[in-house]
Amino acid sequence: MKNRVRLERVITAMATAIVLVLTIASCGRPGGSGSALSGDEAERVYVKPGEYDEFYAFVSGGFSGQLSVYGLPSGRLFKVIPVFSVDAEKSYGFNEETKPMLNTSHGFIPWDDAHHPELSQTNGETDGRWCFINGNNTPRVARIDLTTFETAEILEIPNSGGNHSSPFATENTEYIVAGTRFGVPYPQKDVAIASYAENFKGMLSFISVHPETGHMEVAFQVLLPAFDYDLAHAGKGKSHGWTFFTTYNTELKNTLLEVYASQNDKDFIAAIDWKKAEEYIKQGKFHEIPANYAHNVYDEQSHLATSEMKDKVKVLIPSECPGLVYFMPTPKSPHGVDVDPTGEYIVGNGKLSADLSVHSFTKMLAAIKSEAYETVVEGIPVLKYEATLAGVVEKPGLGPLHTEFDGRGNAYTTFFISSEVVKWKLGTWEVLDRAPCYYSVGHLMIPGGDTRNPDGKYLVALNKITKDRFLPTGPELTQSAQLYDISGDKMKLLLDFPTIGEPHYAQGILASKIVPKSKKFYPLEGNTHPYRSMGEKDTRVERDGKVVHVYMSMIRSHFSPDNIEGIQVGDQVYFHVTNLEQDWDTPHGFAVMGANNAELLVMPGQTETLLWQPKAVGVYPFYCTDFCSALHQEMQGYLRVSAVGAEVPLKWSMGENIVE
Amino acid sequence: MKHIPRLVMLAGALALLALFVWPMWKIVLYAPQYPTGVEMHIWINKIGGKEPGVLQNVNILNHYVGMKFIEPDAIPELQYFQYVILFMVALGCLAALVNRGRFFLAWAVLMSLLAIAGLYDFYLWEYDYGHSLSDLAPIKIPGASFQPPLLGYKDILNFTAVSLPHVAGYFAGAGILLAYLAWWLKRKLTTSVA
Ligand SMILES: [Cu+2]
């Protein structure tokens with residue numbers, strides 16, 4: 001009997017899918033990009049040699065764990081910022097200074113899955129100060145400083161099973177959030193997986209961001225049922241003070257989720273009143289519970305990261321805090337939850353639904369006031385679906401995932417299955433235009449398109465699959481971004497460009513908000529690294545048992561010292577290399593033969609440290625790896641390694657021979 | 001009316017104090033890799049630049065062709081010239097106090113001679129830096145000189161060097177002219193009264 005019901009359901013679903021595909025096909029989807037191009041695209045994306053792009057795009061690397069920086073409209077790649085994954089090129093996670101950045105309660109973690117870049121905001125607009133990004137696998141959030149384009153801070157999230165609905169800042173970056181995608185036992189314990197519904201929980205974290213330093217702290221967590229918390233967005237304008245999270249697996253299943261977590265007609269959007277949470281915290285209505293999580297900060301003066309373990313966290317329980325959380329039923333496993341620039345409309349992108357449901361913030365408040373509850377789950381009121389619904393965009397496409405806005409009353413939604421972007425009107429819910437994506441678009445990005453003030457000129461579709469779009473590179477192909485001009489009535493495809501890793505999500509910002517603040521070098525006089533060399537006169541070699549500290553400097557085009565003798569097999573040699581340059585774009589590199597870690601790439605005014613452990617006697621060269629000058633190839637030196645206990649004294653020189 | 005010449009003289013003397021506020025001269029090096037130029041500033045008592053690090057960057061560029069490092073501590077003019085200027089300011093004030101035309105003229109002529117001597121000294125210094133090249137220079141170009149221009153533009157290898165007065169240089173020049181003007185006004189005043 002039960003099986004027959006399921007069979008009927010499957011047949012109905014298939015029929016619906018066929019009807020939908022036919023409907024879309026009849027809307028006249030172009031067969032290829034050729035017919036959609038009109039001729040002036042090259043001109044629209046051409047940025048003359050030596051000129052700047054209008055926008056920065058910060059594109060996540062997904063499973064690469066990094067954050068890439070592109071220019072728009074050209075699609076040129078400028079930098080890959082290492083965040084959650086080690087990067088031997090920049091020595092990130094390899095040199096002694098940045099190793100603590102990747103410390104967690106599980107020890108050193110060299111990789112993560114970085115999904116959602118989020119620019120800091122002031123008054124609901126991007127301010128160009130920081131970019132946050134979440135690490136999914138070992139739950140973390142990172143802050144990237146946009147004066148240096150370097151990772152400045154990483155905070156681990158306790159009581160989380162996978163940090164997907166993150167970071168999504170509030171209007172003045174009061175908080176970024178971190179909702180767990182996977183329910184986990186709370187507190188972690190050894191229980192049967194089948195006891196999911198009983199023992200597992202879902203935790204949403206609010207991370208405060210210091211308005212001056214940007215330093216992050218887990219301000220409080222909200223304990224919720226073990227749904228899967230998928231994505232989030234903060235309210236803005238009238239809805240400032242609330243943050244919305246989508247859920248799936250409200251079925252509370254722990255196996256074959258693709259079937260079992262797709263059964264409920266509606267899942268929820270969780271609306272959190274974080275201003276109310278602040279009141280409850282102030283009233284002391286929280287539980288302070290033991291936790292173990294790392295907080296890693298990189299200091300720009302000492303060029304050193306430190307990792308500190310935190311041992312407790314404040315948890316709010318909704319049944320004890322009335323008015324803190326409400327659930328808004330939303331059809332079929334909603335993926336993105338997107339708030340329009342006015343803060344009134346909350347779009348639930350029900351990824352298995354044929355329609356797109358939009359909630360009204362005003363109606364949500366009214367429903368709360370009149371207690372229009374359908375039911376109450378673990379002390380959390382579930383509002384009536386009709387009571388909060390503003391409208392439905394009917395049959396816009398298949399598999400809606402994400403929506404952004406152009407600030408002119410239009411919304412743009414990506415459809416993964418039907419591989420397209422659909423433009424529709426807020427309020428009338430009519431579909432205005434559709435543009436194909438090549439292929440299988442996930443997120444989309446309009447610069448400022450999730451803020452109060454979008455720059456609605458370009459739209460970037462972030463595609464998971466490229467198949468035949470670029471020259472083939474064996475089984476593994478690039479993923480891609482596609483740039484559309486959205487300034488007119490119709491969307492126009494301008495450009496395809498390849499990306500690093502998976503371009504999961506992106507943020508865009510006017511270049512003028514960042515360019516003037518971009519640092520050119522680190523002032524040497526401000527360097528507080530304990531092993532710095534302030535000039536060549538400072539350079540030296542010191543032995544402390546088996547540990548040798550080399551205080552080395554680099555300047556065009558030599559190292560000081562560049563001849564070192566008296567090192568012995570089995571020593572731990574720390575090269576503390578300071579770049580004495582004080583000019584724009586004058587990095588030097590440092591590589592030494594047989595290093596088991598990486599090179600160093602030292603910016604002007606910076607000190608970095610490489611650990612080297614010689615295993616055999618001999619004379620080993622080291623050299624500069626960054627083509628720094630006309631005499632770059634001459635920037636080299638030698639290190640003599642003798643047997644343990646050898647009589648060779650510890651000596652060093654530059655410009656003259658070591659005399660025995 | 002009758003105080004104008006001595007006030008002009010006073011202004012001329014005090015204009016020299018600008019030398020302690022702004023650089024007197026600048027040498028700017030332009031090359032493709034230096035789109036905004038490397039701008040070195042010469043003060044009455046130090047050598048600096050438009051940005052921190054300029055002197056080091058100039059020295060790095062110069063060392064390829066074996067030019068000497070510019071070390072401000074090793075340039076005696078930077079030590080004593082400021083006292084000469086302070087003395088001249090005092091002398092100019094005294095001239096204004098005494099209020100004699102020929103004192104104004106004497107001060108102006110003395111200052112002019114000092115300025116010419118200063119420029120000549122600057123030329124010799126440039127000549128020395130441009131010509132005394134190390135035998136160990138990594139890049140040797142037979143017959144080439146790297147002497148920057150005294151005033152104006154000059155192409156040196158891949159660089160265009162520009163040498164021009166900076167703010168305080170103009171002030172000092174104006175100060176001398178004011179002293180001549182004071183002398184001329186004073187003379188005109190006395191002859192018309194007589
Ligand atoms: Cu180098």
Side-chain angles (χ1 to χ4, degrees), chain A residues 48-52 147 301 515-527 532-539 553-560 562 578-588 602-606 624 626-636 653-657, chain B residues 23 26-43 46-74 129 133-142 144 146 148 155-162:
Chain A
K48 280 189 194 138
E51 287 187 3
Y52 285 167
T147 64
Q301 254 78 49
V515 172
K517 292 187 278 192
S518 187
K519 285 215 166 80
K520 292 188 168 168
F521 56 82
Y522 301 101
L524 190 61
E525 72 267 18
N527 184 329
R532 68 191 182 272
S533 302
M534 297 303 269
E536 288 179 357
K537 289 193 186 89
D538 256 9
T539 60
S553 70
M554 47 198 354
I555 197 161
R556 280 163 288 173
S557 304
H558 57 268
F559 295 100
S560 173
D562 64 0
T578 301
N579 182 344
L580 298 177
E581 305 278 359
Q582 292 288 275
D583 199 0
W584 198 18
D585 200 8
T586 53
H588 291 286
V602 193
M603 295 307 124
Q606 198 177 32
C624 173
D626 189 318
F627 209 114
C628 56
S629 63
L631 298 167
H632 159 72
Q633 209 68 345
E634 284 71 17
M635 194 163 167
Q636 53 182 272
S653 73
M654 190 274 288
E656 54 200 32
N657 283 325
Chain B
K26 64 178 176 190
I27 296 176
V28 197
L29 301 171
Y30 293 98
Q33 303 93 315
Y34 296 89
T36 53
V38 183
E39 185 168 327
M40 191 168 80
H41 289 166
I42 301 165
W43 295 67
K46 63 183 175 192
I47 294 177
K50 202 175 162 196
E51 290 110 22
V54 162
L55 187 59
Q56 173 172 301
N57 296 328
V58 169
N59 279 333
I60 287 171
L61 291 173
N62 290 354
H63 96 285
Y64 291 119
V65 291
M67 290 168 73
K68 280 191 279 188
F69 268 62
I70 301 170
E71 284 179 73
D73 290 347
Y129 274 91
L133 304 177
S134 165
D135 290 340
L136 293 172
I139 299 173
K140 288 195 185 87
I141 296 167
F146 304 102
D155 285 334
I156 306 170
L157 293 188
N158 57 326
F159 282 94
T160 300
V162 180

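Each chain gets a letter, A, B and so on, in the order the sequences are listed, and its residues count up from 1. Nothing here was measured: the structure is a model prediction, and the numbers come from that model. Every heavy atom of this structure was used, including side-chain atoms; hydrogens, water molecules and symmetry mates were not.
- Taking non-hydrogen atoms and a 4.5 Å limit, the residue list of residues 627-636 of chain A in contact with chain B, ordered by number, reads A/Ser629, A/Ala630, A/Leu631.
- Per-residue heavy-atom pair counts under 4.5 Å with chain B were compared for A/Asp583, A/Thr586, A/Leu580, and the maximum is reached by A/Asp583.
- Looking only at distances, no side-chain donor or acceptor of A/Ser533 sits under 3.5 Å from a matching main-chain atom of A/Thr578.
- Distance alone, capped at 3.5 Å, is enough to place a donor-acceptor pair between the A/Glu581 side chain and the A/Arg556 backbone.
- The two residues A/Asp538 and A/Arg532 come nearest to each other via the heavy atoms OD2-O, 4.5 Å.
- By a heavy-atom distance cut of under 4.5 Å, B/Tyr64 are the residues of residues 64-71 of chain B near chain A, going up by number.
- From A/Leu524, atom CG reaches atom CD of B/Gln56 across 7.5 Å, with rounding to the nearest 0.5 Å.
- The side-chain hydrogen bond (donor to acceptor under 3.5 Å, both in side chains) check on A/Asn527 picks up A/Thr607, with sequence neighbours excluded.
- Here A/Tyr522 pairs with A/His303 under the ring-ring contact (aromatic ring centres under 6.0 Å, His included) rule; sequence neighbours left out.
- The two residues B/Pro138 and B/His63 come nearest to each other via the heavy atoms CD-O, 3.5 Å.
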For this session: Please step through side chain to side chain contact (heavy atoms under 4.5 Å, CB included) for the pair B/Leu61 and B/Tyr34, ending with a clear verdict.
Result: CA-CA 11 Å; B/Leu61 291 173; B/Tyr34 296 89; 3.5 Å; yes
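- With hydrogens and angles ignored, the 3.5 Å screen pairs no side-chain donor or acceptor of B/Asn158 with any backbone N or O of B/Gln33.
- Under the 3.5 Å distance criterion, the side-chain polar atoms of A/Ser518 are left unmatched by any main-chain donor or acceptor of A/Val515.
- Of the two parts of A/Ile555, only the side chain, counted from C-beta on, holds a non-hydrogen atom closer than 4.5 Å to a non-hydrogen atom of chain B.
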